[in-house]
Amino acid sequence: METNPHVLRDLIHLALIEDIGDGDHSSLSSVPATAMKKARLLVKQDGILAGVEVALVILEETAELYNHPKAKVEVFIQDGARIKVGDIVLTIEASAQLILKAERLLLNIMQRMSGIATYAREMVDIIGDLPVKLLDTRKTTPNFRLFEKMATKIGGAVNHRMGLYDMIMLKDNHVDYAGGIEAAITNARNYLKENGKNLRIEIETRNLAEVDEVLRVGQVDIIMLDNFSLADMREAVKRINGRFETEASGNITEKTLRAVAETGIDSISSGALTHQIQSLDLSLKAF
(Lines give C-alpha, C1' and ligand atoms only; values in the text may rest on other atoms or scores of the structure.)
Protein backbone atom coordinates (compact mmCIF):
# COMPACT_ATOMS: atom_id res chain seq x y z
CA MET A 1 0.00 0.00 0.00
CA GLU A 2 1.10 3.56 -0.64
CA THR A 3 1.08 5.74 2.45
CA ASN A 4 1.89 9.31 3.30
CA PRO A 5 4.14 9.65 6.39
CA HIS A 6 2.50 13.02 7.11
CA VAL A 7 -1.02 11.60 7.28
CA LEU A 8 -2.07 10.37 10.70
CA ARG A 9 -4.48 7.70 9.50
CA ASP A 10 -1.90 6.19 7.14
CA LEU A 11 0.61 5.80 9.97
CA ILE A 12 -1.99 4.19 12.21
CA HIS A 13 -3.00 1.84 9.39
CA LEU A 14 0.59 0.64 9.01
CA ALA A 15 1.02 0.26 12.77
CA LEU A 16 -2.08 -1.95 13.01
CA ILE A 17 -0.86 -4.15 10.17
CA GLU A 18 2.58 -4.39 11.76
CA ASP A 19 1.09 -5.56 15.06
CA ILE A 20 -1.83 -7.74 13.95
CA GLY A 21 -0.38 -9.39 10.86
CA ASP A 22 -2.66 -12.27 9.77
CA GLY A 23 -4.79 -11.96 12.90
CA ASP A 24 -4.97 -11.29 16.64
CA HIS A 25 -4.95 -14.99 17.43
CA SER A 26 -5.06 -14.46 21.21
CA SER A 27 -8.42 -12.71 20.92
CA LEU A 28 -9.74 -14.82 18.05
CA SER A 29 -9.12 -18.00 20.03
CA SER A 30 -10.56 -16.89 23.37
CA VAL A 31 -13.21 -14.20 22.88
CA PRO A 32 -16.48 -14.64 20.92
CA ALA A 33 -16.63 -12.48 17.81
CA THR A 34 -20.05 -11.16 18.87
CA ALA A 35 -19.02 -10.12 22.40
CA MET A 36 -19.55 -6.42 23.13
CA LYS A 37 -17.55 -5.07 26.07
CA LYS A 38 -16.45 -1.87 27.80
CA ALA A 39 -13.05 -0.49 28.80
CA ARG A 40 -11.78 2.69 30.39
CA LEU A 41 -8.48 4.51 30.01
CA LEU A 42 -6.99 5.08 33.46
CA VAL A 43 -4.25 7.50 34.52
CA LYS A 44 -1.49 5.93 36.63
CA GLN A 45 0.95 8.87 36.66
CA ASP A 46 0.51 12.65 36.97
CA GLY A 47 1.31 14.72 33.89
CA ILE A 48 -0.08 16.34 30.74
CA LEU A 49 -2.44 14.32 28.58
CA ALA A 50 -1.77 13.95 24.86
CA GLY A 51 -3.09 11.63 22.18
CA VAL A 52 -6.84 11.58 22.82
CA GLU A 53 -7.58 12.67 19.25
CA VAL A 54 -5.16 10.03 18.00
CA ALA A 55 -6.90 7.36 20.10
CA LEU A 56 -10.20 8.15 18.43
CA VAL A 57 -8.63 7.66 14.99
CA ILE A 58 -7.03 4.39 16.11
CA LEU A 59 -10.43 3.04 17.17
CA GLU A 60 -12.03 4.21 13.92
CA GLU A 61 -9.29 2.71 11.77
CA THR A 62 -9.33 -0.59 13.67
CA ALA A 63 -13.08 -0.89 13.18
CA GLU A 64 -12.83 -0.09 9.47
CA LEU A 65 -9.82 -2.26 8.74
CA TYR A 66 -11.15 -5.34 10.55
CA ASN A 67 -14.90 -4.95 9.91
CA HIS A 68 -15.97 -4.29 13.49
CA PRO A 69 -18.92 -2.06 14.43
CA LYS A 70 -17.79 1.49 15.21
CA ALA A 71 -16.81 1.98 18.85
CA LYS A 72 -18.79 4.26 21.14
CA VAL A 73 -16.34 6.51 22.98
CA GLU A 74 -17.03 8.97 25.78
CA VAL A 75 -14.15 11.41 26.41
CA PHE A 76 -13.86 13.02 29.85
CA ILE A 77 -10.44 14.71 29.58
CA GLN A 78 -9.05 16.48 26.51
CA ASP A 79 -5.52 16.82 25.13
CA GLY A 80 -3.40 19.36 27.00
CA ALA A 81 -5.13 18.91 30.35
CA ARG A 82 -3.25 18.17 33.55
CA ILE A 83 -4.05 14.66 34.74
CA LYS A 84 -3.50 12.88 38.04
CA VAL A 85 -3.39 9.29 39.20
CA GLY A 86 -6.87 7.78 39.19
CA ASP A 87 -8.39 9.99 36.50
CA ILE A 88 -10.49 8.34 33.81
CA VAL A 89 -9.64 9.79 30.40
CA LEU A 90 -12.29 8.03 28.34
CA THR A 91 -14.49 4.96 28.13
CA ILE A 92 -14.98 2.65 25.17
CA GLU A 93 -17.96 0.45 24.33
CA ALA A 94 -17.21 -1.81 21.39
CA SER A 95 -16.54 -5.29 20.14
CA ALA A 96 -14.22 -6.99 22.60
CA GLN A 97 -11.99 -8.01 19.72
CA LEU A 98 -11.77 -4.41 18.49
CA ILE A 99 -10.74 -3.22 21.96
CA LEU A 100 -8.11 -5.93 22.26
CA LYS A 101 -6.69 -5.21 18.80
CA ALA A 102 -6.43 -1.47 19.43
CA GLU A 103 -5.31 -1.59 23.06
CA ARG A 104 -1.53 -1.77 22.74
CA LEU A 105 -1.22 0.67 19.84
CA LEU A 106 -3.48 3.16 21.61
CA LEU A 107 -1.48 2.90 24.84
CA ASN A 108 1.94 2.97 23.17
CA ILE A 109 1.13 6.17 21.32
CA MET A 110 -0.72 7.96 24.11
CA GLN A 111 1.88 7.07 26.74
CA ARG A 112 4.73 8.41 24.64
CA MET A 113 2.83 11.47 23.50
CA SER A 114 1.79 12.26 27.07
CA GLY A 115 5.39 11.87 28.27
CA ILE A 116 6.55 14.32 25.61
CA ALA A 117 3.74 16.79 26.35
CA THR A 118 4.51 16.60 30.08
CA TYR A 119 8.18 17.41 29.59
CA ALA A 120 7.39 20.13 27.05
CA ARG A 121 5.02 21.79 29.52
CA GLU A 122 7.69 21.67 32.23
CA MET A 123 10.15 23.35 29.88
CA VAL A 124 7.67 25.98 28.69
CA ASP A 125 6.76 26.84 32.28
CA ILE A 126 10.42 27.60 33.04
CA ILE A 127 10.47 30.42 30.46
CA GLY A 128 6.80 31.30 30.32
CA ASP A 129 7.36 34.87 31.50
CA LEU A 130 9.99 35.61 28.84
CA PRO A 131 9.45 36.60 25.16
CA VAL A 132 11.09 33.47 23.76
CA LYS A 133 9.74 30.41 21.91
CA LEU A 134 10.65 26.83 22.71
CA LEU A 135 11.09 24.80 19.50
CA ASP A 136 11.18 21.08 18.86
CA THR A 137 13.65 19.51 16.41
CA ARG A 138 14.08 16.68 13.90
CA LYS A 139 15.54 14.47 16.64
CA THR A 140 12.48 12.27 16.51
CA THR A 141 11.66 8.57 16.23
CA PRO A 142 11.57 7.45 12.57
CA ASN A 143 7.99 7.10 11.32
CA PHE A 144 6.71 8.54 14.60
CA ARG A 145 7.61 12.18 13.99
CA LEU A 146 4.05 13.33 13.36
CA PHE A 147 2.88 12.05 16.76
CA GLU A 148 5.89 13.52 18.58
CA LYS A 149 5.46 16.91 16.94
CA MET A 150 1.77 16.85 17.89
CA ALA A 151 2.77 16.12 21.49
CA THR A 152 5.31 18.94 21.79
CA LYS A 153 2.68 21.37 20.52
CA ILE A 154 0.10 20.06 22.99
CA GLY A 155 2.68 20.63 25.72
CA GLY A 156 3.08 24.28 24.67
CA ALA A 157 6.20 24.19 22.51
CA VAL A 158 6.33 25.38 18.90
CA ASN A 159 6.83 23.05 15.96
CA HIS A 160 10.03 23.83 14.07
CA ARG A 161 10.55 22.44 10.56
CA MET A 162 8.87 19.09 10.02
CA GLY A 163 11.62 17.71 7.80
CA LEU A 164 14.26 18.49 5.23
CA TYR A 165 11.64 19.59 2.71
CA ASP A 166 9.95 22.58 4.37
CA MET A 167 12.91 24.83 5.24
CA ILE A 168 16.55 25.33 4.33
CA MET A 169 18.78 24.88 7.34
CA LEU A 170 22.47 25.25 6.56
CA LYS A 171 24.26 23.42 9.35
CA ASP A 172 27.98 23.07 9.95
CA ASN A 173 28.43 20.20 7.49
CA HIS A 174 26.52 22.08 4.78
CA VAL A 175 28.77 25.10 5.31
CA ASP A 176 31.93 23.02 5.28
CA TYR A 177 30.91 21.04 2.18
CA ALA A 178 29.85 24.20 0.34
CA GLY A 179 33.18 25.91 1.00
CA GLY A 180 32.15 28.45 3.61
CA ILE A 181 29.26 30.56 4.85
CA GLU A 182 29.05 32.91 1.86
CA ALA A 183 29.13 30.04 -0.64
CA ALA A 184 26.46 28.10 1.27
CA ILE A 185 24.09 31.08 1.47
CA THR A 186 24.66 32.12 -2.15
CA ASN A 187 24.09 28.56 -3.37
CA ALA A 188 20.89 28.29 -1.33
CA ARG A 189 19.50 31.58 -2.65
CA ASN A 190 20.31 30.62 -6.24
CA TYR A 191 18.67 27.23 -5.74
CA LEU A 192 15.44 28.78 -4.46
CA LYS A 193 15.32 31.21 -7.37
CA GLU A 194 16.09 28.60 -10.00
CA ASN A 195 13.49 26.18 -8.65
CA GLY A 196 10.77 28.70 -7.88
CA LYS A 197 10.65 27.78 -4.22
CA ASN A 198 9.85 30.06 -1.29
CA LEU A 199 11.54 28.58 1.78
CA ARG A 200 13.05 30.29 4.78
CA ILE A 201 16.80 30.00 5.25
CA GLU A 202 18.44 29.37 8.59
CA ILE A 203 22.18 29.07 9.05
CA GLU A 204 24.11 27.61 11.94
CA THR A 205 27.03 29.50 13.42
CA ARG A 206 29.66 28.07 15.74
CA ASN A 207 31.35 31.21 17.02
CA LEU A 208 31.21 35.00 16.91
CA ALA A 209 33.44 35.16 13.83
CA GLU A 210 30.88 33.13 11.90
CA VAL A 211 28.09 35.39 13.18
CA ASP A 212 29.98 38.38 11.80
CA GLU A 213 30.38 36.59 8.46
CA VAL A 214 26.65 35.94 8.23
CA LEU A 215 25.95 39.57 9.10
CA ARG A 216 28.26 40.62 6.25
CA VAL A 217 26.62 38.30 3.70
CA GLY A 218 22.99 38.60 4.89
CA GLN A 219 20.25 36.95 2.80
CA VAL A 220 19.07 34.62 5.57
CA ASP A 221 16.06 34.61 7.87
CA ILE A 222 17.41 33.01 11.03
CA ILE A 223 20.84 32.72 12.61
CA MET A 224 21.36 29.71 14.84
CA LEU A 225 23.84 30.02 17.69
CA ASP A 226 25.04 26.48 18.30
CA ASN A 227 26.72 25.57 21.59
CA PHE A 228 27.62 29.18 22.39
CA SER A 229 28.64 30.14 25.89
CA LEU A 230 26.13 32.42 27.60
CA ALA A 231 28.53 35.37 27.30
CA ASP A 232 29.07 34.79 23.57
CA MET A 233 25.35 34.29 23.03
CA ARG A 234 24.56 37.65 24.64
CA GLU A 235 27.24 39.26 22.48
CA ALA A 236 25.89 37.60 19.33
CA VAL A 237 22.35 38.78 20.07
CA LYS A 238 23.73 42.27 20.57
CA ARG A 239 25.61 42.21 17.26
CA ILE A 240 22.66 40.82 15.32
CA ASN A 241 20.51 43.55 16.87
CA GLY A 242 17.21 42.35 15.43
CA ARG A 243 18.40 42.18 11.80
CA PHE A 244 17.61 38.46 11.75
CA GLU A 245 15.75 36.06 14.01
CA THR A 246 17.97 34.21 16.43
CA GLU A 247 17.82 30.62 17.66
CA ALA A 248 19.88 28.98 20.41
CA SER A 249 20.70 25.30 20.12
CA GLY A 250 22.96 22.68 21.62
CA ASN A 251 22.34 20.40 24.61
CA ILE A 252 19.65 22.62 26.11
CA THR A 253 17.66 20.96 28.90
CA GLU A 254 15.56 22.15 31.82
CA LYS A 255 18.80 22.85 33.73
CA THR A 256 20.15 25.37 31.21
CA LEU A 257 16.98 26.65 29.56
CA ARG A 258 16.29 29.69 31.76
CA ALA A 259 19.80 31.09 31.50
CA VAL A 260 19.76 30.73 27.71
CA ALA A 261 16.36 32.42 27.45
CA GLU A 262 17.64 35.38 29.47
CA THR A 263 20.28 36.19 26.83
CA GLY A 264 17.61 37.82 24.66
CA ILE A 265 17.44 35.03 22.09
CA ASP A 266 14.24 34.79 20.03
CA SER A 267 13.83 31.01 20.17
CA ILE A 268 15.43 27.95 21.70
CA SER A 269 15.42 24.51 20.11
CA SER A 270 15.73 21.42 22.26
CA GLY A 271 16.09 17.89 20.97
CA ALA A 272 15.50 16.68 24.52
CA LEU A 273 11.80 17.39 24.01
CA THR A 274 11.50 14.21 21.97
CA HIS A 275 14.58 12.08 22.54
CA GLN A 276 15.07 12.23 26.31
CA ILE A 277 11.61 11.66 27.70
CA GLN A 278 9.91 8.89 29.67
CA SER A 279 6.47 7.67 28.66
CA LEU A 280 3.60 8.46 31.01
CA ASP A 281 1.89 5.49 32.65
CA LEU A 282 -1.65 4.87 31.35
CA SER A 283 -3.73 1.71 31.37
CA LEU A 284 -6.76 0.40 29.47
CA LYS A 285 -8.91 -1.80 31.71
CA ALA A 286 -12.07 -3.80 31.14
CA PHE A 287 -15.06 -2.97 33.36
Side-chain angles (χ1 to χ4, degrees), residues 1 3 7-121 141 143-144 146-148 150-152 154-155 274 277-287:
M1 62 175 291
T3 58
V7 174
L8 184 70
R9 193 172 293 272
D10 284 4
L11 292 170
I12 290 170
H13 188 111
L14 283 175
L16 286 167
I17 292 173
E18 175 191 52
D19 194 27
I20 296 170
D22 70 346
D24 172 13
H25 300 301
S26 301
S27 301
L28 290 169
S29 65
S30 62
V31 179
T34 56
M36 300 296 291
K37 297 294 182 180
K38 295 181 180 180
R40 55 190 174 193
L41 184 62
L42 302 176
V43 176
K44 301 177 70 176
Q45 186 178 358
D46 295 354
I48 301 299
L49 181 65
V52 173
E53 294 302 317
V54 174
L56 298 179
V57 178
I58 290 172
L59 293 168
E60 290 174 2
E61 187 65 19
T62 305
E64 182 177 328
L65 190 58
Y66 297 99
N67 297 313
H68 294 297
K70 187 175 180 180
K72 296 178 182 178
V73 184
E74 187 172 4
V75 177
F76 303 109
I77 307 175
Q78 300 292 340
D79 286 335
R82 291 191 180 277
I83 50 177
K84 62 183 185 302
V85 175
D87 283 345
I88 299 174
V89 174
L90 56 81
T91 59
I92 305 167
E93 183 176 357
S95 160
Q97 292 195 5
L98 183 157
I99 294 171
L100 292 166
K101 284 185 178 79
E103 175 183 4
R104 180 43 53 195
L105 178 60
L106 185 152
L107 287 173
N108 284 349
I109 291 179
M110 287 197 68
Q111 286 175 327
R112 181 157 179 81
M113 285 184 67
S114 296
I116 291 171
T118 298
Y119 185 57
R121 183 69 59 84
T141 308
N143 292 325
F144 202 74
L146 182 60
F147 301 103
E148 292 178 341
M150 289 173 65
T152 58
I154 289 170
T274 50
I277 62 96
Q278 182 176 0
S279 294
L280 205 70
D281 196 1
L282 304 170
S283 179
L284 190 66
K285 292 296 184 183
F287 75 100

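Heavy atoms only: backbone and side chains are in, while hydrogens, waters and symmetry mates are out.
Between Val89 and Val43 there is a side-chain heavy-atom pair separated by less than 4.5 Å. Residues Ile154 and Leu49 are not in side-chain contact: their nearest non-hydrogen atoms beyond the backbone lie 4.5 Å or more apart. Within the 4.5 Å cutoff, side-chain heavy atoms of Ile99 are placed close to those of Leu284. The closest side-chain heavy-atom distance from Leu14 to Asn143 is not below 4.5 Å. Within the 4.5 Å cutoff, side-chain heavy atoms of Val52 are placed close to those of Met110. With contacts defined as side-chain heavy-atom distances shorter than 4.5 Å, the pair Ile58/Val54 qualifies. Proximity of Met150 to Asp79: side-chain heavy atoms (C-beta onward) are nowhere separated by under 4.5 Å. Residues Gln78 and Glu53 have side chains in contact (heavy-atom distance under 4.5 Å, counting atoms from C-beta outward).
With sequence neighbours left out, the salt bridge (charged side-chain N to carboxylate O under 4.0 Å, His left out) criterion links Arg40 to no other residue. Under the side chain to side chain donor-acceptor pair (under 3.5 Å) criterion, Ser114 pairs with no residue at all, not counting sequence neighbours. Listed by chain and number, the residues in a side chain to side chain donor-acceptor pair (under 3.5 Å) with Thr91 amount to none (sequence neighbours excluded). In this structure, Glu103 has no salt bridge (charged side-chain N to carboxylate O under 4.0 Å, His left out) partners at least two apart in sequence or on a different chain. Residues that satisfy the salt bridge (charged side-chain N to carboxylate O under 4.0 Å, His left out) test with Glu60, not counting sequence neighbours, are Arg9. Under the rule for a salt bridge (charged side-chain N to carboxylate O under 4.0 Å, His left out), Asp24 has no partner lying at least two apart in sequence or in another chain.
For the atom pair CG (Leu59) and CG (Leu90), the distance works out to 8.0 Å, reported to the nearest 0.5 Å. How far NZ of Lys44 is from CG of Asp281: 5.0 Å, rounded to the nearest 0.5 Å. One distance of note links CD1 of Ile83 with CG of Leu42; it measures 11.0 Å at 0.5 Å rounding. Atom CD1 in Ile109 sits 5.0 Å away from atom CZ in Phe144 (nearest 0.5 Å). Put simply, CD1 on Ile77 and CD1 on Ile88 are 8.5 Å apart, with the number rounded to the nearest 0.5 Å. Here the CG atom belonging to Leu106 is positioned 8.5 Å from the OG1 atom belonging to Thr62, to the nearest 0.5 angstrom.
More than 12 heavy atoms of other residues, nucleotides or ligands shown are found within 6.0 angstrom of CG on Asp46.
Closest approach of Phe147 to Leu8, counting heavy atoms only: CE2-CD1, 3.1 Å. Here the closest heavy-atom approach between residue Pro32 and residue Ser30 is recorded as CD-O, 4.1 Å. Heavy atoms only, all atoms of each residue included: Lys101 and Leu16 are closest at O-CD2, 4.5 Å. Of all heavy-atom pairs spanning Ala63 and Leu98, the tightest one is CB-CD1, 3.5 Å. The nearest pair of heavy atoms linking Ala94 to Ala71 is CB-CB, 3.6 Å.
Looking at Arg121, its side chain does come within 3.5 Å of a backbone N or O of Gly80 through a donor-acceptor pair. For Arg112 (side chain) and Ser279 (main-chain N/O), no donor-acceptor pair under 3.5 Å exists by modelled atom type. In this structure, the side chain of Glu61 does not engage the main chain of His13 through any donor-acceptor pair within 3.5 Å.
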Full working for side-chain contact (heavy atoms from CB on, under 4.5 Å) between Ile92 and Lys72:
CA-CA 6 Å; Ile92 305 167; Lys72 296 178 182 178; over 6 Å; no

Pair Leu107, Leu41 - check side-chain contact (heavy atoms from CB on, under 4.5 Å), show working.
CA-CA 9 Å; Leu107 287 173; Leu41 184 62; 3.6 Å; yes

